Amino acid sequence: MDSVSIISFVGFTLLVGFVAWYKTRGTDESTADGYYLGGRSLGAITIAGSLLLTNLSAEQIVGLNGQSFTEGVLVMAWETLAAIAMVLTAILLLPKYMRSGITTIPEFIQGRFDVQTKTILSILFLIAFGIVLLPTILYSGSLAFSTMFDLPTLLGMSESAVIWLCVWSIGAIGIVYAIFGGLKAVAVSDLINAIGLLIGGLLIPIFGLMMIGDGSISDGLSTLWNNNSEKFNVKGDVTSSIPFGTIFTGMMIAQMYYWGTNQAILQRVFGAKSLRDGQKGMMLAAFVKFLIPVIVVLPGIIAWHIFDGSLENADQAYPALVRKVLRPEFTGFFAAVLFGAVLSSFNSLLNSSATLFGFDLYKEYFKKDAGEKQTVKAGKIFGLFLAIISMSIAPFIANAPDGLFSYIQQALGSLSVPILAVVVIGILSKRVPALGAKIALIGGVIMYLISLLILNPYFVESALEKAGIKGSSFLKTLDKEEKASYFSEIGVTDIPAHLDRISLIEAEAYPHFLHIMGILFVVNIIIMLVIGKLYPKKDVYVPVVTEEIDTTPWKYAKIIGIVITILVLSTYFIF
C-alpha cells in the first residue's frame, strides 16, 4: 500500500468512528434499551444499512465469490432467496415479535414455553456466535487483507503469522466498538460502511469487466458470458454445493432461520422506532439483497476468467481479483470499507452475544436482582470473553476442508434447524408444551451431528470402498507431487474425469446437508406436535402485547413484498 492508500484508509476509518461517536453521544448506553437496542430510535434507512452490513461481511464476500469461482452463478441462491425470507419475516414474524416488546428471541421463547427452554436457546445462539460465526468473520477478513495487499511480503512474515496478526488486530478494534459503543454506535457505523461497501463492491466487477473487454463493460460482459456459459446455469447438479432440489428443502430453512430467528439480525429491527420503520428497513434491505449477487457472485466468475481457473485456493479469488483490477487511488478506500464490513459483522454478533448473556443468563442464573447497569456490565464482560475465544479459534479455519462458506452453512445447520422449528411451533401452536421444545432443541442438534459426523462419512466411505477408489478427503491430504504420483500408481490418465467420478459417488452416497436440514426440520416439527398431542400444555398460551411500541404495520408491506418476490423468481427464469 502506498502513502495515498494508507492516508485514505486511515481517514475513512476515522471518519466512520467520529460520525458513530457524534450520532450516539446523546444515547444513554448504561440502560438496557440504550445499549442493546439503541434507545429504540433506529429509522428504516439505518436499519436497512445495519442489516446489510451485519450480513454482508468478508466471510460472505470472500466465501461466496470463492464458491462462484468454482461453481458459477448457482450460488446466488444464498443471496436472492434471502430476499424472500426477509419479506416473510417482515410481514409474518416481525409484527408478532414487536407487539410483545421483546429484546431477544429467547425472551419470546420464555414467554411461550418456559425459562429452561429460553436458556437452552440462548446457549445454542452463543455457541453459534462464538465457535462458527465470529471466527469465520475474523478469518475471512484477515485472509482478504493478507491476499489483497500481499502482507506476508510487505511485513516479512509467514502467511499464517499474518493471519494471526490480522485476526487479533481486527478483533481488538471490534471489541472497542461493540462492547463500549452499544447497538446505536454499531448501527450508525454500519450505515456509512454499507454505502461505502456498495460503492466499492460495485467497482470490482466494473473494473474486472473493463479489463476483460479492453475498456468496455458491455464487451467484457459479453466475453465473460460467451466464454464461460457453464458458469451461468443456476440449476446445480447432484455434485454441486447447491443441487437444484435443495432450494425447496433446506435452503429456505437456512434462510428463514437466519433472517427470521437470528438474534444478531433481528436485534437491529427490534431497535426500530416502530413496526412501520422495522418493516420498511427490512424491505429496503431485501431489495438491495436481491441485487447483491453483482458484488458477491459475479466477481468470482470474473476471477475465473481472468486467472483462467488457476488459483489453488478458491477463497482467494476475490482478494486476488481486487489486487489485480483495482486502481491504486481506490485501494485505501476499499480497504477501509472492507475493514468496516468485517468490523460490522463482528461488532453486531458481539453486541448480540452481550445482550443474550446479560438478559437471558446473567439475570436468571447469576444475579436475579441485578439492575440494568449491572446487566449491561455483565454482558460487556462476557462479550470480551467470547471475543477472545473466537480470536483464538479463527486462524485454524484455514484447515476447513470444503471452503469457507460451506463450513459456515454446514456448521450452522446443527443449530438453525431446531431453533427455527421451535420458533415456528411457538408462534403457530398454543398447546405444545415446553417439554416438546426442549426435546426438539437438544434432539435436533444431536440428530444433525450424527448425520453429519457419523452417517455421512460411513455411507460415503462404504460407497468408495465398493467402487475400489479413494475419495476427495484422502486426496486433500496430498500435495501436487503426491497427487501426481498417486494417480500414476493407480493408472489414472484422465484426472478430471476420475475426480468427477469421485464427486458423483460421494454425492449419491448420502443426501446433501441441505436436504438433511429439510428432513430434520419436518422431524422436529412432528416430534413437538406429537408431544403436544400426548401431553398438551394445560394453560393456553396468551401472547403479551406491549403498548410502548407503535405496532401499526406499514400499509405497503405486502405489495412491496410481492414485487420483491417476483423479481427474485424472474432471475431464475432468466438463467
Side-chain angles (χ1 to χ4, degrees), residues 89 93 96-97 100 102-133 250 252-267 349 352-353 355-357 359-362 364-365 386 409-455 513-514 516-537 541 543:
T89 298
L93 300 181
K96 296 181 184 295
Y97 291 151
S100 62
I102 59 172
T103 303
T104 69
I105 292 298
E107 189 181 347
F108 168 77
I109 292 300
Q110 177 183 357
R112 170 59 182 85
F113 295 107
D114 62 11
V115 174
Q116 290 77 28
T117 309
K118 177 191 75 171
T119 301
I120 296 170
L121 190 60
S122 297
I123 292 172
L124 289 180
F125 272 131
L126 291 174
I127 290 172
F129 293 170
I131 296 179
V132 181
L133 293 175
M252 285 310 298
I253 300 299
Q255 299 286 12
M256 285 306 300
Y257 156 77
Y258 187 87
W259 296 102
T261 68
N262 184 351
Q263 177 64 28
I265 288 295
L266 290 173
Q267 193 165 333
L349 287 169
S352 295
S353 300
T355 307
L356 287 168
F357 180 80
F359 262 87
D360 300 334
L361 299 179
Y362 181 74
E364 190 64 44
Y365 296 101
L386 196 68
Q409 300 306 329
Q410 290 194 50
L412 281 182
S414 62
L415 305 169
S416 58
V417 172
I419 289 174
L420 179 62
V422 167
V423 171
V424 167
I425 286 295
I427 291 173
L428 298 181
S429 169
K430 296 183 179 180
R431 288 291 187 181
V432 173
L435 175 65
K438 291 170 188 171
I439 290 176
L441 285 174
I442 298 173
V445 172
I446 293 172
M447 285 189 290
Y448 183 88
L449 291 177
I450 289 174
S451 171
L452 184 68
L453 302 177
I454 299 176
L455 296 181
F513 80 91
L514 284 172
I516 294 297
M517 287 175 64
I519 293 167
L520 291 182
F521 178 77
V522 174
V523 170
N524 283 320
I525 293 287
I526 292 172
I527 288 173
M528 284 187 282
L529 290 177
V530 169
I531 292 174
K533 191 73 173 176
L534 297 175
Y535 308 100
K537 187 177 173 68
Y541 167 66

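Quick caveat, the model's predicted, so the values are computed rather than measured.
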Task: Intermediate values then yes/no, side-chain contact (heavy atoms from CB on, under 4.5 Å), Val417 and Val523 - done: CA-CA 10 Å; Val417 172; Val523 170; over 6 Å; no
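- Minimum heavy-atom separation, Ala254 to Met517: CB-CE, 3.8 Å.
- Atom CD1 of Ile123 sits about 10.5 Å away from atom CZ of Phe357, to the nearest 0.5 Å.
- Contacts of Tyr97 classified as ring-ring contact (aromatic ring centres under 6.0 Å, His included), with partners at least two apart in sequence or in another chain: Phe108, Phe270.
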Sequence neighbours left out, cut at 3.5 Å: what donor-acceptor pairs do the side chains of residues 440-453 make with other protein atoms?
from   : atom 1 : to     : atom 2 : distance (Å)
Tyr448 : OH     : Gln410 : O      : 2.9
Ser451 : OG     : Tyr510 : OH     : 2.8

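- Taking all atoms of both residues into account, the shortest heavy-atom contact from Asn524 to Ala421 is CB-CB, 3.8 Å.
- Side-chain contact check for Ile120 versus Ile109: every heavy-atom pair is 4.5 Å or farther apart.
- When all heavy atoms of Gly130 and Leu386 are compared, the pair lying nearest together is CA-CD1, 3.9 Å.
- Using a 4.5 Å heavy-atom cutoff, the side chains of Val132 and Leu415 are not in contact.
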TODO: Please lay out, stage by stage, how Leu121 and Thr117 fare under the test side-chain contact (heavy atoms from CB on, under 4.5 Å).
DONE: CA-CA 6 Å; Leu121 190 60; Thr117 309; 5.7 Å; no
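- Side-chain atoms of Leu529 and Ile425, non-hydrogen and from C-beta on, do get closer than 4.5 Å to each other.
- The two residues Val432 and Phe113 make their nearest non-hydrogen contact at O-CE2, 3.5 Å.
- In this structure, CD in Glu364 is found 6.0 Å from CD in Gln110, a value given to the nearest 0.5 Å.
- At a threshold of 4.5 Å between non-hydrogen side-chain atoms, the residues Arg112 and Ser429 count as touching.
- The side-chain heavy atoms of Met256 and Thr261, taken from C-beta on, include no pair separated by under 4.5 Å.
- Counting all heavy atoms, side chain and backbone alike, Gly532 lies closest to Pro433 at CA-CD, 3.6 Å.
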Task: Evaluation steps, side-chain contact (heavy atoms from CB on, under 4.5 Å), between Val530 and Ile527 - done: CA-CA 5 Å; Val530 169; Ile527 288 173; 6.0 Å; no
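- Between Pro418 and Gly413, the shortest heavy-atom contact is CD-O, 4.4 Å.
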- [ ] Would you check, one step at a time, whether the test side-chain contact (heavy atoms from CB on, under 4.5 Å) holds for Leu356 with Phe129?
- [x] CA-CA 11 Å; Leu356 287 168; Phe129 293 170; 3.7 Å; yes
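- In this structure, Ile525 CD1 and Leu428 CG are separated by 8.0 Å, a value rounded to the nearest 0.5 Å.
- Between the CD1 atom of Ile127 and the CG atom of Leu133 there is a distance of 12.5 Å, given to the nearest 0.5 Å.
- Between Ile419 atom CD1 and Ile253 atom CD1 the span is 13.0 Å, to the nearest 0.5 Å.
- The CG atom of Leu93 lies 8.0 Å from the CG atom of Leu266; values are rounded to the nearest 0.5 Å.
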